[in-house]
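For reference, the structure discussed in these notes is given below.
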Amino acid sequence: MTDHRIPAGDLAPEGIYPPTEEMLRAPVPDAVQARQKENLRRAWKTPQGWRYWTAVNNSEVGVWYTMTAFVFMLIAGVMALLMRLQLWVPENDLISADLFNQLFTMHGSAMMFLFAVPMFEAISILILPAFLGARDMPFPRLSAYGYWAFLIGGIFVIGSILFSAAPKAGWFMYPPLATLEPGIGSDIWLLGLSFIEVASIAAAVELIVGALKCRPPGMRVNVMPLYAWYVLVVGGMILFAFPPLIAGDFLFELERSFDWPFFDHTRGGDPMLWQHLFWIFGHPEVYIIFLPSIAIAAMVVPTVARRPILGYSWIVLSAVGTGFLSFGLWVHHMFTTGLPNISLGFFSAASEAVVIPTGIQLFAFVATLIAGRVKMTLPMLWIAGALAIFTAGGLTGVMVAIAPFDWQVHDTYFIVAHLHYTLFGGMIFPVIAGVYYFFPFFRKKMLSERLGRWSFWLIFTGFNITFLPMHLTGLLGMPRRVYTYPQGLGIDWLNQISTVGAFIVAAGFAVFAWDIVRPKKNQPQIARNPWGAGTLEWSHEIPETKWGVRSIPHITTRYPLWDQPDLVARMDAGRYYLPDAEEGLRETIVTSVIDARPIQVQRVTGPAYVTILAAGFTGGAFIFPTFHLYPPAIICAAFAVVSILYWLWTTTARPPEKDMKDVGLGLSLPTYAAGPQAVGWWAVWITMLGDATAFASLVFGVFFYWTSSTAFPPPGAAHASGSLVALATAALALSWALTRGARGLNRAGRVGLARGALALAPLLTLSGMGGFILSVIDLDPTSHVYPAMMWALMVWIVAHGIVGTIMQLYCLAGSIFGKLTPRYDADLWNVTLFWHFLGLTALVTGAMIGLVPRLM
Amino acid sequence: MRDSDHDRQPHPRGDAHEFAEERESLWRITLAPTIWAFHFVISYAAVSVYCFRYDHLAAMGTLRAALIAMTALMLAAIAWIGWRAFQRWDVRGTGEFSNPEGNAEDRHQFLGHAGFLLALISFIGVVYDTLPLIVLASCR
């Protein structure tokens, strides 16, 4: 019997854990099994007909996501072929310079933002739950929302080239070229890709929480699949790498739309700030692409070597170490910008240091292969190709990390060759290996061995024919991104070889794409574990079932299918946890971060239109401003907020029908969690970490202008009103205190007082926002970068204040309508956490607007 | 539930169990790389601010000496973290280089091993990033 005085979020698990061997041996009667399966089937049924698109299950969303990213990749590949055709002979006039500019810009942007990063998210959404024996990710609707946002944003960005309206300043959009670019190309890039970055951060939140909290009982951090380690590291990197770019996009778009001169040096701005913000994102991004792909190798290699991975800890070191070091490399893209040599030295040194962890993981793979009995399967063939190509790319990387060498080859085809070697070896090849390896898992069919080998040799040889000569083309002096070249430079034949190679690569991709989509109806049913692997995803059921795992196992080894012999039979018989869905709800188990002790049954959400609506309206809010259509954008933003509120209100953190649930094996778990126990709280914490990073990038901007110019703030410049800033900061701080107070009062049962606090707090938030607006209203943001920066900080805090107000009112409404009670207060915990960050942001903003400029 | 490590296998170093029961944090293994990050950011920021704004005020030598002194402190901190992690790994006590078992002891030692290796790489990273301070005597 549960004590109803205890807040539901504080309930502890009851019963036996871990299960004993005896309990696991006890048979489950056939009738019970049949009933359980029926319940699970009903709960996890995929919607039929046109409702299919409302699905949110990871197995559906993951496939859409992967296929969409793959199609974008093929389109970007066709752009590359067009460029190679143009470069076939000197002084060619096949396509115009203007179109060529659009093509190389879109090729890079699409490959990076529409293929490489989303592909990681897509594959992880698809397979991570299976690695972890989870039924689904913790926030299925968030995955679906991210997917729809990606689809809309992707079509918007890539479609622009059909209207000759695509961005054309190169995929890193350097100002002043990109800020002064006429037309809407740059805006499409900025707003479209910002929208997609939001989707990326959503996926990162989902994946981090998934890897930390949705592991099966018993799967401690030292036995979790290496893929999960990589997901954690990469998720963390996304949180710190994408926000600087979002901050940069924010400033950039303010300059494009309202002429605030952040990157205009005639009014105190500095184009270098963009380069810093872009590459603080851009270099870690290379590793955000590389690490999850090499993580696939970490799953394939033990299987083909038929032995556990050698140096598990070393690979963890390498993933975490690379994750950190990759943030100290960004200036190696800026070696020719005239920064002090000693500054370049730091980045050069870090660029050399990052080779160590990167090399360690490759050596660990090679060692595992040497120590095992290798079976040269198709996935292994692609991994072998990856190792060869990536190593070559790594070696040229060591060369260009040395500043004087870089000065010689900067912006030449040598760089083009280098980056394609790292990306093909570090991403394309391992991902294709993963497709061959995991295809039987997600489609329950095999891909063709013969077509696979054809495709491999075509892409492998074609790739080297294309890009190996480019090293020489670059050393001979051909700059990248030129639409043509004069005769007689000795690079004609090199370009012709590259063009031939590009078409061989294309032929290889055609074979690969055909293999994926060709009908496989007549193929015999595959073996359940066709590669003889040891990890949990190969406990999948054949023919396919939609419930993920029949029962959630207790895992005590790194390769449970090799080391826990009865595991699969017991999972199938429903002897482990959550074998049933008697309430007809979708559920999975939440466990503790380090040791994966079961702590809660998490009810996850099912099919919904609201995610599609929310993504569509969010898309409108980003896309309309491209055409300077602000009223429809604001209307879309309002509808997006309404859709998201509806989604949250109706399905998240609702009081459950019972507080504890028997999950089997003598264990009862709470069905409700609040605060740090809850996955929602973790998601808010992770999101806000990313948000704080974006804010920190703006603050960095202020100091950057101060160091790069002697006139920031300009002598005699008008400052924001100090007293108003102080009052505004105080109002927001008080609003924070009331929110925090409301949480305590509500828990203590003083609901009336809590409601009072939650009603008063939004008024304070609004007056705080008003105070910040009034404090800078007299400054002219178009006159100089100093007032522009103060305005940008004001816009940032006001935007957050609006969100904070909505959250406070949401909790107030929850309290009034019985969703939020002293026992069930998860929403208030999450909102308080948001407000901790917002309170801090307000204090720093107050200091940055009201105090710091006066001292500079 | 908190003391539910009944699944722990019997272990030769039984006395270490109590130590292993402490609630460990994943964050701890990132301590050494975080020091590397601070070293990197502080060196870069200090040199940038000096070179762009204050190079007329003082000689570069003072700044370099200060930063190298900071490096020494940070290297000592990393070494200490590495030593603590090495003890947690306990390879000399157990003779086990890898810790693949799903029990509390192995998890404890694994985090020690990972922490030790990360301290090693962070140490190397800090040394690398100090080389420019030693080799280059001016902003240009």
Side-chain angles (χ1 to χ4, degrees), chain A residues 12-18 20 212 218-223 232 308 310-314 316-318 320-321 323-325 327-328 331 339-350 352-354 356-357 360 554-559 563 593-595 597-599 703 706-710, chain B residues 1-2 4-7 23-26 29-30 33-34 36-37 40-41 43-45 47-53 60 64 89 97-104 106-111 113-118 120-122 124-133 135-140:
Chain A
E14 287 165 9
I16 304 160
Y17 177 79
T20 63
L212 285 176
M219 187 187 271
R220 299 170 192 265
V221 284
N222 66 319
V223 298
L232 269 185
L310 269 176
Y312 180 96
S313 317
W314 290 84
V316 172
L317 138 93
S318 133
V320 179
F324 270 89
L325 290 175
F327 280 85
V331 166
L339 289 173
N341 279 344
I342 188 161
S343 302
L344 302 188
F346 295 134
F347 290 90
S348 191
E352 302 293 347
V354 79
I356 299 171
I360 284 173
H554 180 240
I555 294 298
T556 52
T557 59
R558 283 182 188 163
Y559 298 92
D563 301 334
V593 170
I594 307 279
D595 283 338
R597 292 196 193 92
I599 49 180
F703 287 103
W706 174 68
T707 55
S708 72
S709 148
T710 44
Chain B
M1 278 301 296
R2 287 196 193 283
S4 61
D5 286 318
H6 308 298
D7 55 341
R23 291 185 69 76
E24 281 163 298
S25 157
L26 269 183
I29 67 170
T30 63
T34 305
W36 167 83
F40 186 83
V41 169
S43 307
Y44 169 59
V47 165
S48 293
V49 171
Y50 170 82
C51 288
F52 280 108
R53 285 195 81 100
M60 182 87 178
R64 285 164 66 212
W89 178 27
F97 280 85
S98 89
N99 310 96
E101 302 291 331
N103 57 50
D106 264 28
R107 183 260 296 134
H108 176 76
Q109 287 164 4
F110 158 78
L111 286 177
H113 190 194
F116 169 66
L117 292 173
L118 278 166
L120 215 59
I121 191 78
S122 308
I124 296 171
V126 170
V127 170
Y128 269 42
D129 280 327
T130 311
L131 291 178
L133 289 171
V135 176
L136 299 177
S138 76
C139 291
R140 287 294 131 195

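Letters A, B, ... mirror the listed sequences (proteins, then strands); counts begin at 1. A quick note: this is a predicted structure, and the numbers were derived from the prediction, not measured.
When Gly328(A), Gly321(A), Ser708(A) are compared by the number of non-hydrogen pairs under 4.5 Å with chain B, Gly328(A) comes out ahead. When the candidates Ala114(B), Ser98(B), Pro100(B) are compared by the number of heavy-atom contacts under 4.5 Å with chain A, Pro100(B) comes out ahead. Counting heavy-atom pairs closer than 4.5 Å to chain B, the top residue among Val320(A), Leu325(A), Thr557(A) is Leu325(A). When each of Thr30(B), Leu131(B), Val135(B) is checked for heavy-atom pairs under 4.5 Å with chain A, Thr30(B) comes out on top.
Judged by distance alone, the side chain of Asn341(A) and the main-chain N or O of Cys139(B) form no donor-acceptor pair under 3.5 Å.
Expressed to the nearest 0.5 Å, how far CD1 of Ile356(A) lies from OH of Tyr128(B) amounts to 4.0 Å. Remark: Ser348(A) OG to Ile342(A) CD1 distance equals 12.5 Å, nearest 0.5 Å. The CZ atom of Phe116(B) sits 12.0 Å away from atom CD1 of Ile121(B), with the distance rounded to the nearest 0.5 Å.
In this structure, the portion of Cys51(B) lying under 4.5 Å from any heavy atom of chain A is its side chain and not its backbone. Val354(A) does not touch chain B: none of its heavy atoms, backbone or side chain, sits under 4.5 Å away. With a threshold of 4.5 angstrom between heavy atoms, Leu212(A) approaches chain B through side-chain atoms but not through N, CA, C or O. Interface residue Thr34(B): backbone and side-chain heavy atoms are both found under 4.5 Å from chain A. For a residue to count as touching a neighbouring chain, one of its non-hydrogen atoms must lie under 4.5 Å from one of that chain's; by this rule Phe40(B) touches chain A with the side chain only.
A pairwise comparison of heavy atoms in Val47(B) and Ser343(A) identifies CG1-OG, 3.9 Å as the closest pair. In this structure, Ser122(B) and Leu118(B) approach most closely via the heavy-atom pair OG-O, 2.6 Å.
Counted within 6.0 Å of CH2 on Trp706(A), heavy atoms from surrounding residues, nucleotides or ligands total more than 12; the atom is thus considered enclosed.
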